[in-house]
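Values below: all heavy atoms of this structure, side chains included; hydrogens, waters and symmetry mates excluded. Along the sequence shown, the residues carry numbers beginning at 1.
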Amino acid sequence: MAQVLSGMYLFVILCCIILGKGASEYDMKAPGVTARGHVIIGGMFPIHRGVEKNQSSFEPQPRTCFGLSVRAVALLLAMINTIDVMNESPLLMDLNITLGYRIQDSCSDVSTGLRSTADFLEQAKCGTEHASSTCDQPVVAILGSAFSEMSIVVARQLAIDMIPQISYSSTAVLLSDKLRFPSFLRTVPNDEYQTAAMAKLIDLHGWNWVGMVISDGDYGRSALEQFAAQAAENGICIAFRSIIPHTATGEMLRTALRQTVQTIFQNPKAQVIVSFTKGVHMKDLYEEMRNETLRKGKTIGNMKRVWLASDSWSTTASMQDVQILKDMGQVVGFNFKTGNMSSFNKYLDRLEATGYNDTWNNTFLEELFTLMNDSDVSGVASEVVKVIRKSINPATILSVELAVAATAQAIATLCRSRDCTTPGNLQPWEVLEALRMHEFDSNGETHVFDNQGDINQGYDVALWKVRDGKIDVHDIVAEYNPQSNTFTPTKNNNTDFFKDLERVISKCSNSCMPGELKKTSEGQHTCCYDCINCTENYYSNDTDMDQCLSCDKDTEWSPLGSSICLPRTPLYFSWHSPLAIALLVFSALGILLVLMVSALFIHKRDTPVVRAAGGPLSQVILYSLVVSFISAVLFVGEPGFLQCKARQILFGISFTVCVSCILVKSLKILLAFQLNIEMQGVLSKVYQSYLIVVACVAVQVVICICWLVLKSPYKQIILQPKTMLKNCHEGSNLAFGVMLGYIALLAFVCFVCAFVGRKLPERYNEAKFITFSMLIYLISWVIFVPIYITTTGEYLAAVEMVVILISNYGIIGCHFFPKCYIILFRKAQNTSSAFREKLYQYNVKCTDSFSSSVSEKQHSYQQNDIHSPSSSPQNDYVKPDVGKNYRDRDSFKISYRGNRKLIDQISSHKRSLSY
């Protein structure tokens, strides 16, 4: 029960202090706390929370301060303790000098702070010709102020005389400008690093839609400017910016808070709010949010947010209420680095032990004791110390200790070479120079002011949690390193040190998944967008990509809304295709058959059938067919540079050789059995078999060379939606057509010659087979042309390959298979006598036909009184002895009386025939 009463008593006392009960009026020329020494250090703390506004008089006069700040009293005590520690250190004792202090209350008011600054300036002139009659030891350095707005104003005044000012909590970036504030230093980092840490934390959690609430003034607006820049670099959008008046009271403040609350509720997607405000403003904001929620009949859960608290309120006592935290949501506090508190804790222990007797030179501490001693409760010193311990911000205590240690060591450095006990021997600007130029030690660590006059140790990041029924605002979960812009976890080495925040989503638009891109409408924030599928052949492989990446269109493709590129399937007449395998089998079979026929013809080269087939020319035809079959094989497989050029050329030349030899045979047969003496004479003169073959092939070679030189075939890749077709482009379709047309011309000439000689002796007569083979060739290629023009894809090569095989097999089947059949299965017909009998039968037939023609002419002559032999031609016909052998070149003689011209013609005809 006693503990409960004690707790209630402390709560009442704190309320009285915060509300300003027992307010005092001070003569601002009289410092609140002083201590003599050879060198005086000034201090400026917001001991009171504000001043009363007295508008009844225009006469300049001090204003009454109200609302004692226990936290500021703790800072004041930290300064006193550190000075006492330094005075007892060998550093100053060896120099036989002591430090004193002169501490003023700024009452959180700029005007009051300026009056305090005027007092410091006056004291700084002690020991000079400008000193006043009430002069004390001069002030060589000043600690303060707490707020950036105050420090900016004070720094402008102190810069006139270059009096060093060391702030323990002013973080506005503006103060780092040494051209404007050359004498300003601070033992904390500026807000540029704090906003960078906040932006980094927001980016780590994938938030990009946040709100911002600031207190009006240089501090809040500077933080807003810095955070906006950092947010833009990290792709973070600020949904709203709300500014709470810094000095507004009453209805004006309530109106500003109400507008801020409405703005927060109008942006429900902004679940994260960055706050650079004072603790008292945050408490007022919370209360207004709660009232607005209840007025609209909504649940308290609607007001929950994630609050990123700046150092100005991340450890404030006014917000440390369990119910407030439960309603607000989660608070992530950023605060300066903490240090060893042992020295200050010992000082508080001594203060608790000595009690009221230790307040004789500290009017502020005396006021605190007085406030808590109204009811004469015993043990008031213990209660005071408890209240102070509860209000301590360890990080700010460390900053004050650093400032005092830096000043003391700078003074010691200068006093080693001069007498500092005499007033005026140590000037403030010399202390400023020593502070900027030298390192100093504190708690075993070395520190130095950087070029901007700051000491940047980074930040501690705390996650507010309820422990034992109280809020722990110092539950440090990570440390922020401004040099590397990284967070280092401090608990269990867990890199994901904000697990409680994982479920929070603070985005204007849902993340675009891989395969989509962000499309921002004109006039919208870049964080508000629509997700659109990537088009074909484009992809995105990460979330929230601003543009889709292009696939390598030569080898890859992607469907609509794809997150990856797929390899294009290469299409060509593959070796594994069933059709290709079948055609290759036919090609191999064709080559095998040709080689077998060639071997058979060589073996039977002296037989009449082989000699009638052309002798050596038959071998030329056969081996040209081998090359033609090989050229057909080149149409299978992935096209290559040489393959594209060789396949058409090989076929064109090889088949030209084949057709040229067949043409020679056609001319030879026609010449041998040509009954027209005049025509036979002409043909005999021009007939040179090998010369004709060479001439015909030479023309085709010239055509192919021109084709290769001017516009040769090449490998072509045709891109299709999902595939890439690899084929050979003929280069010049005209040249390709000329090459095929020339072969067709030769084939047509063969066809005509063979057709003319189709009635020659059966075993001598190849005209029928030549006619049929050339007809097959011409028909197949006539069909090929429209199919080739209209066909696309991988089977275009198969079409030409089929036509080539048909042409080759047509020649083999028509020219050589019948002869092979006779050689192998009709050996009796492969003799000279058999051929002579056939020749004889042909001669008889020709003679009978000619006799009938002569009889008709004689009958015509008789009618015209023209006499003819009396006997019929048939009566004078002598049948030769078939069994008798005749020489190859001397055929049997035909006895025919009555027409000597026919006998001479037939004899000539026979002599021209060779087997």
message = I need the full list of side chain to side chain donor-acceptor pair (under 3.5 Å) pairs touching residues 148-160, with sequence neighbours left out, sorted by first then second residue.
response = Ser151-Ser170
Give a yes or no on whether the backbone of [Y] and the side-chain of [X] come within a donor-acceptor separation of less than 3.5 Å.
X	Y	result
Ser222	Tyr219	no
Asn345	Met341	yes
Glu556	Asp552	yes
Trp557	Tyr538	no
Asp109	Thr112	yes
Ser506	Trp209	yes
Ser399	Ala395	yes
Lys326	Gly329	no
Ser69	Ala72	yes
Glu401	Ala78	no

Side chains of [X] and [Y]: does their closest heavy-atom pair fall under 4.5 Å?
X	Y	answer
Thr555	Arg568	no
Thr263	Asn267	yes
His447	Ser442	yes
Ile163	Leu432	no
Met212	Phe276	yes
Leu517	Ser540	no
His205	Val504	no
Gln271	Ile505	no

Between [atom1] of [X] and [atom2] of [Y], what distance do you get to the nearest 0.5 Å?
X	Y	atom1	atom2	result
Asp284	Thr260	CG	OG1	11.0 Å
Asp218	Ile152	CG	CD1	3.5 Å
Ile142	Ile166	CD1	CD1	10.0 Å
Ser242	Ile214	OG	CD1	9.0 Å
Asn510	Cys531	CG	SG	7.5 Å
Ile273	Leu285	CD1	CG	7.5 Å

request  = Check whether NZ of the Lys or CZ of the Arg Lys519 lies under 6.0 Å from the centre of the six-membered ring of Tyr529 and within 45 degrees of that ring's axis.
outcome  = no
request  = May I ask you to establish whether Lys278 and Phe147 are in a cation-pi arrangement, using a distance under 6.0 Å from NZ or CZ to the six-membered ring centre and at most 45° from the ring axis?
outcome  = yes
Measure across [X] and [Y] and return the closest heavy-atom pair with its distance rounded to 0.1 Å.
X	Y	answer
Gln457	Lys337	O-CG, 3.3 Å
Thr293	Met289	OG1-O, 2.8 Å
Asn537	Pro721	OD1-O, 4.5 Å
Asp203	Ile236	N-CD1, 4.2 Å
Phe265	Arg305	CD2-NH2, 3.9 Å
Ile244	Leu253	CG2-CD1, 3.7 Å

key: Test applied, side chain to side chain donor-acceptor pair (under 3.5 Å); reference residue, Ser176; option that passes from Asp450, Thr171, Asp191, Asp454   = Asp454
message = Angle between ring planes, Tyr480 versus Phe487, binned at 30° and 60°: parallel, tilted or perpendicular?
response = tilted
request  = Measure up the Phe334 and Tyr459 rings against each other and bin them: parallel (under 30°), tilted (30 to 60°), perpendicular (over 60°).
outcome  = perpendicular
message = Run the side chain to side chain donor-acceptor pair (under 3.5 Å) test on Asp327 and Gln323 for me, step by step, so that the C-alpha distance in whole Å, both residues' side-chain angles and the decisive distance to 0.1 Å come before the verdict.
response = CA-CA 6 Å; Asp327 294 344; Gln323 190 59 45; 3.0 Å; yes
Distance-only side-chain donor-acceptor flag, [X] / [Y], under 3.5 Å:
X	Y	result
Asp311	Gln194	yes
Ser563	Asn541	no
Asn443	Asn340	no

request  = Check the pair Asn291 / Glu288 against side chain to side chain donor-acceptor pair (under 3.5 Å), numbers first and verdict last.
outcome  = CA-CA 5 Å; Asn291 295 335; Glu288 184 60 34; 4.5 Å; no
query = Is it true that Glu292 and Lys296 make a salt bridge, defined as a side-chain N closer than 4.0 Å to a carboxylate O?
reply = yes
ask   = Is any NZ, NE, NH1 or NH2 atom of the basic residue among Lys518 and Asp544 found under 4.0 Å from an Asp or Glu carboxylate oxygen of the other?
value = no
key: Option from Cys528, Cys527, Cys237 for which disulfide (SG to SG under 2.5 Å) with Cys508 holds   = Cys528
task = Run the numbers on Tyr168 and Phe45 for ring pair (Phe, Tyr, Trp, His ring centres under 6.0 Å), then give the verdict.
result = CA-CA 10 Å; Tyr168 44 84; Phe45 299 92; 5.2 Å; yes
inquiry  = Is there a side-chain contact (heavy atoms from CB on, under 4.5 Å) between Thr338 and Ile476? Walk through the geometry before answering.
reply    = CA-CA 10 Å; Thr338 57; Ile476 301 173; 4.3 Å; yes
query = When you look at Glu287 and Arg290, which way does the salt bridge (Lys or Arg N to Asp or Glu O under 4.0 Å) test go after all the steps?
reply = CA-CA 5 Å; Glu287 292 176 350; Arg290 193 174 190 278; over 6 Å; no
task = Quick one: do Asn335 and Asn393 satisfy side chain to side chain donor-acceptor pair (under 3.5 Å)? Show the steps, please.
result = CA-CA 9 Å; Asn335 201 16; Asn393 181 0; 2.8 Å; yes
query = Can you check side chain to side chain donor-acceptor pair (under 3.5 Å) on Arg71 and Thr315, steps first, answer last?
reply = CA-CA 10 Å; Arg71 173 169 290 194; Thr315 59; 3.2 Å; yes
ask   = Quick one: salt bridge (Lys or Arg N to Asp or Glu O under 4.0 Å) partners of Lys283, sequence neighbours excluded?
value = none
